[in-house]
Peer 1: 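First, the structure itself, so that you have it in front of you.
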Amino acid sequence: MSRPKIIVTRRWHPEVEAVLTERFDTTLNEDDHSMSVAELQDALQSADAVLPTVCDKVNAEVLGADNIRAKILGSNGVGFNHIDLDAARAAGLTVTNTPEVLTDCTADLALTLLLMVARRAGEGERHLRNGEWTGWRPTHMMGTSVTGKTLGLVGMGRIARAVAARAAHGFGMKIVFHDPFPPRAEDIEGLDATQCGSPEEVFARSDFVSLHCPGGADTYHLIGADAFAAMKPGAFLINTARGDVVDEAALVTALQNGDIAGAGLDVFEQEPSVSPALLEMENVVLLPHLGSATQETRKAMGMRVVENIEAFFSGETPRDKLV
Ligand code: DGY
């Protein structure tokens, strides 16, 4: 039997691309450009599997193409709000994602943002590089202590729990959380985490609020003006989840009004665009969606896609099947 034809929508970790090329009839995106709707449709019409990433909008328009040949979308990433799952199902496609392998990496980055924004690390580095540092003095760049503070988690899935473990065991933080689908008791054992009855209770109790809910219609603008009003004035918002969970305009207003103390953001509502006002603010740490961006994790994510599509083409149910 001939090898399945695979189209990969962006450049992937080189070792994963080598495996894909060896095992499948693979077309790579040599110049790593972002594919248009027409290119994604063409990929679906000409390959047995299309391997998108979280930056490809595989929406109803893309999936509405005529004569789709592809049978599986092996998405590289854990989030799947970029894929219209109903439209994929209607088009007869199986869809998989890459859970678990990026949990630690993303949790590390949430803590990076938390520490950076609390301790004014981005601001301090800019200050030093700009030649503005005149030396140590007792009042210079005083930030906010992290140890012993309360961390509020919105969503208590794998990544949130990994953040909680780091924060509780590394920094002695108290953990409060809300999740409409609460974790099993054994999954939060040892974290001394307090479950709140609503997101509002999390906002009111936390010194740091870190977002770990999925993106999509159910969580769109979950963090807006009301949420900022409910947070402590000295609170910091950390977002490594999805940009549109936060109403970015309301965040700008809250920061300008001093309703919260700062924000650490890895994701944005209109990536790769960032609200210009945020770029001007010293109390905001901004990263370009780096949550899973380590050599080890990107390789593991790619290999998880390989595992999923190999299972599919062997007639088995892929481990990470979403639809
Ligand atoms: C994901 O996997 O959903 C991240 O946003 C990218 O690593």
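The residues of the chain are indexed from 1 along the displayed sequence. These figures come from a predicted structure and were not determined experimentally. Order of listing sets the numbers, starting from 1, for every ligand and every atom in it.
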Peer 1: Which parts of the protein, at residue level, reach under 4.0 Å of ligand 1 through a heavy atom?
Peer 2: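 Within 4.0 Å of ligand 1, the protein residues are Val54, Gly77, Val78, Gly79, Leu102, Arg242, His289, Ser292, Met301.
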Peer 1: In terms of ring plane angle, is the pair Phe313 and Phe24 parallel, tilted or perpendicular, where the classes change at 30° and 60°?
Peer 2: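 Ring orientation of Phe313 relative to Phe24: tilted.
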Peer 1: Are Glu200 and Arg205 close enough for a salt bridge, meaning some N to O gap below 4.0 Å?
Peer 2: no
Peer 1: Identify, with sequence neighbours excluded, every residue that meets side-chain hydrogen bond (donor to acceptor under 3.5 Å, both in side chains) alongside Asp104.
Peer 2: Arg166
Peer 1: Is it true that Arg126 and Glu282 have a side-chain N and a carboxylate O under 4.0 angstrom from each other?
Peer 2: yes
Peer 1: The criterion is side-chain hydrogen bond (donor to acceptor under 3.5 Å, both in side chains); which residues satisfy it with His127, sequence neighbours excluded?
Peer 2: Glu132, His140
Peer 1: Taking side-chain hydrogen bond (donor to acceptor under 3.5 Å, both in side chains) as the definition, give me every residue that meets it alongside Asp86, ordered by chain and number, with sequence neighbours left out.
Peer 2: Arg89
